[in-house]
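Throughout, protein chains are lettered first and strands after them, A, B, ... in sequence-line order, and every chain is numbered starting at 1. Bear in mind that the values here come from a model prediction, so they are computed numbers and not experimental data.
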Number of protein chains: 2
Amino acid sequence: MNKFETKHWTSDTVAADLEHAIHEHRLPPGTKLGEDELAEAYGISRTIVRAALLALSHRRLVELKRNRGAFVAQPTVRDAREVFEARALLEPRTAHSAAERMTDEDLSLLRSNIASEHEALDAGENGRALFLSGQFHVEIARIADQTTVQGFISELISRSSLIIALYWRRRAALCETQAHHALLDAFANRDGALAEQLMKSHLLDLVASLDLRNVTQPPTSLREALKR
Amino acid sequence: MNKFETKHWTSDTVAADLEHAIHEHRLPPGTKLGEDELAEAYGISRTIVRAALLALSHRRLVELKRNRGAFVAQPTVRDAREVFEARALLEPRTAHSAAERMTDEDLSLLRSNIASEHEALDAGENGRALFLSGQFHVEIARIADQTTVQGFISELISRSSLIIALYWRRRAALCETQAHHALLDAFANRDGALAEQLMKSHLLDLVASLDLRNVTQPPTSLREALKR
DNA sequence: GCACGCAGGATTGTATACGAACTTGAGTTC
DNA sequence: GAACTCAAGTTCGTATACAATCCTGCGTGC
């Protein structure tokens, strides 16, 4: 409990910290996020915690159930499809723009991102690797200089992390970094069309690596399953 | 002050009511949204008002300035470009999907929407007409059965309303309904490719009807203009 | 013995009180 | 007379208190 006592938390920083934890699967889908619990952990009052949870619920990372509390969201199969369809609409064209605006600093930033991801994987820190791999995508949107689209993509990628937690099938481990390397090459050559194409197939590969058969809905809890 | 006293307001309904008012230009960009003022108007406490303002700030319809208060957002020229670029990424393909899933009920719903818009225009209720014309776009996303994308589009369209308030140039009044009529025909024929194309040019027309030369930044207030 | 009801405990929803920051305008000084 | 200082007033930021709702487990009645 060192970092919690020292820092001056605001609703924004708390929300970011929680989102980070969710993204890294330290807070798996369905986890109850009690207000008192969080307030004590961060050393703040429930007011700030509520604002943070509200923010996360707007990004659909947290589900607020009235008089029941806040829970880390559990995307349905349908949600999963929608998230990746939205990403397919936004990311390829954004990668295209990014390739054309790419500076050398941007390139080295992306390169170091991939390097960190490798480190994390080698150290067995899968959550951290997943987070970094998401950051790679957000960084591309930043480079494309589209803050609005960047916000959407950032939300979609955090949600993707939840989807991966629920629907990832074991096979095919690190095809991820391969695709990112290929994208980096396209960026280095400022080849927008290629980057767009690579991003498109990267996203398709991602969806293909999920198990989205409707039968395997997350069991979560009986009461929820039998709600109606 | 009749509707305010009777209804049982929640943060969601308050936020929706404010968003509606912003969308209809009853609350123009830059309007100060004092917490006490709103709390009294709706007959609730500041707690609910704050939650509503927080929600609107997440949708970038309201700008929260620390220790200063909440103001209806004033999108910059850059924001305006970004919003319409994002719409260009999302809406044409969404219209394509919508055309393919269109039911007869959906069609009549869209038709009645256009009719209401005409009524509003004839009655001189420009704000209401603008709101309805936005609803037309959101409805398309709903028909495409993409709730995630629908959320994004809904946000973008509300922001577009602010942009129109700031940057609309007088000429070319109601080309709007014309484009919507053409879209409706494409939908009626379940012609996805045509709907996609029409939506694309509709959005281009919209941008073209704006005055986005950087020189004419909104003057808002002197103190803001001279901030640095 | 099973099911229903009810009460106690826990958790969230809302309101309010208090403290902090900013704005504003008058007063003072140079 | 102009500019600076400071204090009063206003508005937001945070914490806390109380009310409402829900969950849980025990008791009672059939």
Side-chain angles (χ1 to χ4, degrees), chain A residues 1 4-18 27 30-58 60-74 220-228, chain B residues 1 4-18 27 30-58 60-74 220-228:
Chain A
M1 300 267 171
F4 295 103
E5 311 275 318
T6 53
K7 194 170 171 180
H8 213 45
W9 294 98
T10 69
S11 61
D12 289 337
T13 57
V14 170
D17 195 61
L18 286 173
L27 291 173
T31 306
K32 167 100 192 252
L33 301 171
E35 295 184 359
D36 280 321
E37 206 175 349
L38 291 172
E40 196 178 6
Y42 286 102
I44 52 181
S45 86
R46 278 178 48 215
T47 307
I48 313 290
V49 172
R50 280 182 75 82
L53 292 175
L54 206 55
L56 291 175
S57 82
H58 292 138
R60 295 181 188 271
L61 295 178
V62 156
E63 196 177 344
L64 295 180
K65 303 186 183 179
R66 185 173 175 89
N67 290 317
R68 298 278 312 280
F71 303 82
V72 178
Q74 305 187 82
T220 140
S221 72
L222 276 225
R223 71 168 310 102
E224 285 306 316
L226 307 174
K227 202 60 174 286
R228 69 200 65 204
Chain B
M1 301 266 171
F4 295 103
E5 311 274 317
T6 52
K7 193 168 172 181
H8 215 44
W9 294 97
T10 69
S11 61
D12 288 338
T13 56
V14 170
D17 195 60
L18 286 174
L27 292 173
T31 306
K32 167 104 193 249
L33 301 172
E35 295 184 358
D36 279 321
E37 204 175 350
L38 291 172
E40 196 179 6
Y42 286 102
I44 53 182
S45 86
R46 278 177 48 217
T47 307
I48 313 290
V49 172
R50 280 181 75 80
L53 292 175
L54 205 55
L56 291 175
S57 81
H58 292 139
R60 296 181 187 271
L61 294 178
V62 156
E63 195 177 346
L64 296 180
K65 303 187 183 179
R66 187 175 174 88
N67 290 318
R68 297 278 314 280
F71 302 81
V72 177
Q74 306 187 81
T220 144
S221 72
L222 275 226
R223 70 170 310 103
E224 285 305 317
L226 307 174
K227 200 60 175 285
R228 70 200 60 205

Engineer: What is the distance, to the nearest angstrom, from the CG atom on L54(A) to the C1' atom on dG13(C)?
Structural biologist: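 The answer, rounded to whole Å, is 12 Å.
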
Engineer: Of the non-hydrogen atoms in A15(B) and A52(B), which two are nearest, and what is the gap between them?
Structural biologist: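 Smallest interatomic distance, heavy atoms only, reads N-CB, 3.8 Å.
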
Engineer: R60(B): what forms a salt bridge (charged side-chain N to carboxylate O under 4.0 Å, His left out) with it, not counting sequence neighbours?
Structural biologist: none

Engineer: Which residues satisfy the salt bridge (charged side-chain N to carboxylate O under 4.0 Å, His left out) test with E35(A), sequence neighbours excluded?
Structural biologist: R46(A), R50(A)

Engineer: Restricting both atoms to N or O, compile the protein contacts to nucleotides 10-17 of chain D shorter than 3.5 Å, with distance only.
Structural biologist:
from: dC12(D); atom 1: OP1; to: E35(B); atom 2: N; distance (Å): 3.4
from: dC12(D); atom 1: OP2; to: E35(B); atom 2: N; distance (Å): 3.4
from: dC12(D); atom 1: O3'; to: N67(B); atom 2: N; distance (Å): 3.4
from: dG13(D); atom 1: OP2; to: R50(B); atom 2: NH1; distance (Å): 2.6
from: dG13(D); atom 1: OP2; to: R50(B); atom 2: NH2; distance (Å): 3.1
from: dG13(D); atom 1: N7; to: R46(B); atom 2: NH2; distance (Å): 3.0
from: dG13(D); atom 1: O6; to: R46(B); atom 2: NH1; distance (Å): 3.3
from: dA15(D); atom 1: OP2; to: S45(A); atom 2: N; distance (Å): 3.3
from: dA15(D); atom 1: OP2; to: S45(A); atom 2: OG; distance (Å): 2.7
from: dA15(D); atom 1: N7; to: T47(A); atom 2: OG1; distance (Å): 2.6

Engineer: For V62(B) versus A70(B), what's the shortest heavy-atom pair and its separation?
Structural biologist: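 Closest pair (atom of V62(B), atom of A70(B), distance): CG1-CB, 3.9 Å.
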
Engineer: Could you pull out the closest heavy-atom pair between L18(A) and L27(A), with the gap in Å?
Structural biologist: CD2-CD1, 4.0 Å

